[in-house]
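In what follows, a single structure is set out as structure tokens and then discussed.
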Amino acid sequence: MKKLIRTLALLFLTIALTSCGSFKEPDVELDTIDTDKANNAEIVLSAGELNSLDSIMGQMLSKYSEIVYEKSQGRIYIEVYASGQLGDERSQMQAVQMGALDIFRANTVFVGDFGAKKLNLFALPYLFDSRDQLWKVLDSPIGSELMDDMVESDIGMRGLCYLEEGARHFFVTNKKIEKPEDLEGLKLRVSETSILLDTVKALGASPTPLSFGELYTSLQTGVVDGAEQPVTGYVSNSFNEVAPNFILDAHTYSPGMLVISDRTWEKLSKEDQELLKECGKELESYNKSFTEEEEQRLLQELKDGGIDVVTPENPEEWRQRVKPVYEKYGADYQDIIDKITKIK
């Protein structure tokens, strides 16, 4: 089983690198994988990540691999392919559906666009007021219901756990942003998901879908004026070097999620399925505390480094601008939205 899985993963990697010029050259070499663990394990799974290995999400995938290896007493090893080595977000999600890639760290809103529509709720702008509120929701029956929608929607994958790297904020190259009007007319890179595209439109900017791997260069050359990332992603991808105007608008706390291919899942024993889920819960706890501390450290580092970090004076004017997004995407799930907003 492990040889087949590794062969499929490496084959897909080769195809992605030779046929897709849309992502930047990987900065994590394949020799970072522990070949001794891989050779001695009974089951070897492949896991993909868009960001670098030293980013928050890259570190979380590495931590998950470590936890699973320890809890399985060396029977299961997860190889982590970071920095978009296996392709862009859509390519890797499709690979998970096909079973060519076992695990991927996806954004919940992107999973929503693949058919698990309830997960789109996480991307509704300004739905969450804080990280604590987000995790209370994720740990509640609401979080379970939204994750289970992947199975009920039969999209070929299921969730193992939630992950987050902080709220997402806007940043631009050459203009200070203080209020929604300052975004008008700007070209902002966003993931190719309908709810994020419409959110940017509602704020008066022009959404520009673009491969994540092309973003740094596109900011340098003016192809786009800005984008949106959590504080951690903004720093780990060095976007502060080319887009030093950062506003903490926290337009979405849309969490990430480790998803596993149904084809892989069905090959695992019930015991190993439970083990992967238990390890996911342990990772969630680690992720929350780690990210919170890291975010505060990086924010101070940005301010000390001269980055113009702005906190909106009137958050309500941002919420008013995005009401059309709620009308379009939230109407069928108003009961869940009401439950979320009551959790403080």
Main chain of G58, side chain of S62: is a donor-acceptor contact present, judged purely on distance under 3.5 Å? yes

Is the shortest heavy-atom distance from the side chain of V68 to the side chain of Y77 under 4.5 Å? no

Taking only residues at least two apart or on different chains, which pairs with a member in residues 273-317 satisfy ring pair (Phe, Tyr, Trp, His ring centres under 6.0 Å)? Y286-F290

Are any side-chain N or O atoms of S153 and backbone N or O atoms of I155, one a donor and one an acceptor, separated by less than 3.5 Å? no

Side chains of N237 and N51: do they bring a donor and an acceptor to under 3.5 Å? yes

Distance alone, cut at 3.5 Å: any donor-acceptor contact between the side chains of N314 and E316? no

Backbone N/O of S254 and side chain of T252: donor-acceptor pair under 3.5 Å: yes

Apply salt bridge (charged side-chain N to carboxylate O under 4.0 Å, His left out) to the pair D129 and K344, showing each step before the final yes or no. CA-CA 8 Å; D129 295 326; K344 299 296 182 183; 2.8 Å; yes

Main-chain N/O of T173 paired to N245 side chain as donor or acceptor, under 3.5 Å: yes

From K267 atom NZ to D262 atom CG, the distance as rounded to the nearest 0.5 Å: 12.0 Å

Salt-bridge criterion met for D182 and K176 (N-O under 4.0 Å): no

Is the backbone N or O of K187 less than 3.5 Å from a side-chain atom of T208, with the two atoms forming a donor-acceptor pair by type? no

For the pair Y234 and H169, evaluate ring pair (Phe, Tyr, Trp, His ring centres under 6.0 Å) and give the outcome as yes or no after the intermediate values. CA-CA 9 Å; Y234 177 65; H169 314 283; 9.3 Å; no

Evaluate the criterion salt bridge (charged side-chain N to carboxylate O under 4.0 Å, His left out) for residue pair R297 and E294; output intermediate values, then yes/no. CA-CA 5 Å; R297 182 186 72 79; E294 185 70 357; 2.7 Å; yes

Are side-chain heavy atoms of I78 and E66 found at a separation under 4.5 Å? no

Identify which one of R105, M257, K288 satisfies the side-chain contact (heavy atoms from CB on, under 4.5 Å) criterion when paired with L163. R105

Is there a side-chain contact between M57 and T232, using heavy atoms and a 4.5 Å cut-off? no

Could you give me the CA-CA distance, side-chain angles and deciding distance for F246 and D308, then say whether side chain to side chain contact (heavy atoms under 4.5 Å, CB included) is met? CA-CA 6 Å; F246 196 76; D308 195 358; over 6 Å; no

Sequence neighbours left out, what passes ring-ring contact (aromatic ring centres under 6.0 Å, His included) with Y253? Give chain and number order. none

Donor-acceptor check, side chain of S130 to backbone of Q133, threshold 3.5 angstrom: yes or no? yes

Intermediate values then yes/no, side chain to side chain contact (heavy atoms under 4.5 Å, CB included), D272 and S269: CA-CA 5 Å; D272 286 341; S269 67; 3.4 Å; yes

Using the six-membered ring wherever Trp is involved, compare the ring planes of W318 and F170 and label them parallel, tilted or perpendicular (cut-offs 30° and 60°). parallel

May I ask you to decide if Q85's main-chain N or O and S83's side chain share a donor-acceptor pair within less than 3.5 Å? no

Polar side-chain atom of R189 near backbone of L210 as donor-acceptor pair, under 3.5 Å: yes

Test log, rule ring pair (Phe, Tyr, Trp, His ring centres under 6.0 Å), inputs F122 and Y162: CA-CA 12 Å; F122 281 126; Y162 288 110; 5.7 Å; yes

Kindly indicate, with the supporting measurements, whether the criterion salt bridge (charged side-chain N to carboxylate O under 4.0 Å, His left out) is fulfilled by D225 and K175. CA-CA 9 Å; D225 301 303; K175 180 181 181 182; over 6 Å; no

Do you know which of I307, L302, L299 makes side-chain contact (heavy atoms from CB on, under 4.5 Å) with V235? L302

Is it the case that the side chain of D113 and the backbone of S194 share a donor-acceptor pair, with hydrogens and angles ignored and the cut-off at 3.5 Å? yes

Calculate, to the nearest 0.5 Å, the distance between atoms CG and CG belonging to L203 and D249 respectively. 7.5 Å

Please say yes or no: joined through hydrophobic side-chain contacts below 4.5 Å, possibly via intermediate residues, are V151 and L119 part of one cluster? no

Option passing side-chain contact (heavy atoms from CB on, under 4.5 Å) with F104 (candidates L86, L61, V96, V111): V96

Under 3.5 Å side-chain donor-acceptor pair for Q92 and D88: no

Take I103 and V259 through the test side chain to side chain contact (heavy atoms under 4.5 Å, CB included) and record every step on the way to the result. CA-CA 6 Å; I103 295 169; V259 299; over 6 Å; no

Is the backbone N or O of N287 less than 3.5 Å from a side-chain atom of E164, with the two atoms forming a donor-acceptor pair by type? no

Taking the side chain as every heavy atom from C-beta outward, state whether I247 and F171 have any pair of such atoms under 4.5 Å apart. no

Does the pair K71 and E278 meet the rule for a salt bridge (charged side-chain N to carboxylate O under 4.0 Å, His left out), with working shown? CA-CA 9 Å; K71 295 288 186 183; E278 289 171 10; over 6 Å; no

Can you tell me if D102 and S46 form a side-chain donor-acceptor pair at under 3.5 Å? yes

Can you confirm whether the side chains of S52 and D54 place a donor and an acceptor under 3.5 Å from each other? yes

Can you find a heavy atom in the side chain of M157 that is under 4.5 Å from one in the side chain of S261? no

Do L275 and S72 have side chains that approach each other closer than 4.5 Å (heavy atoms only, starting at C-beta)? yes

Any E274 side-chain heavy atom under 4.5 Å of E271 side chain: no

Could K118 and Y333 be counted as a cation-pi pair, given that NZ or CZ must be under 6.0 Å from the ring centre and within 45° of the axis? no

Can you check whether F114 reaches Q97 side chain to side chain, under 4.5 Å on heavy atoms? yes

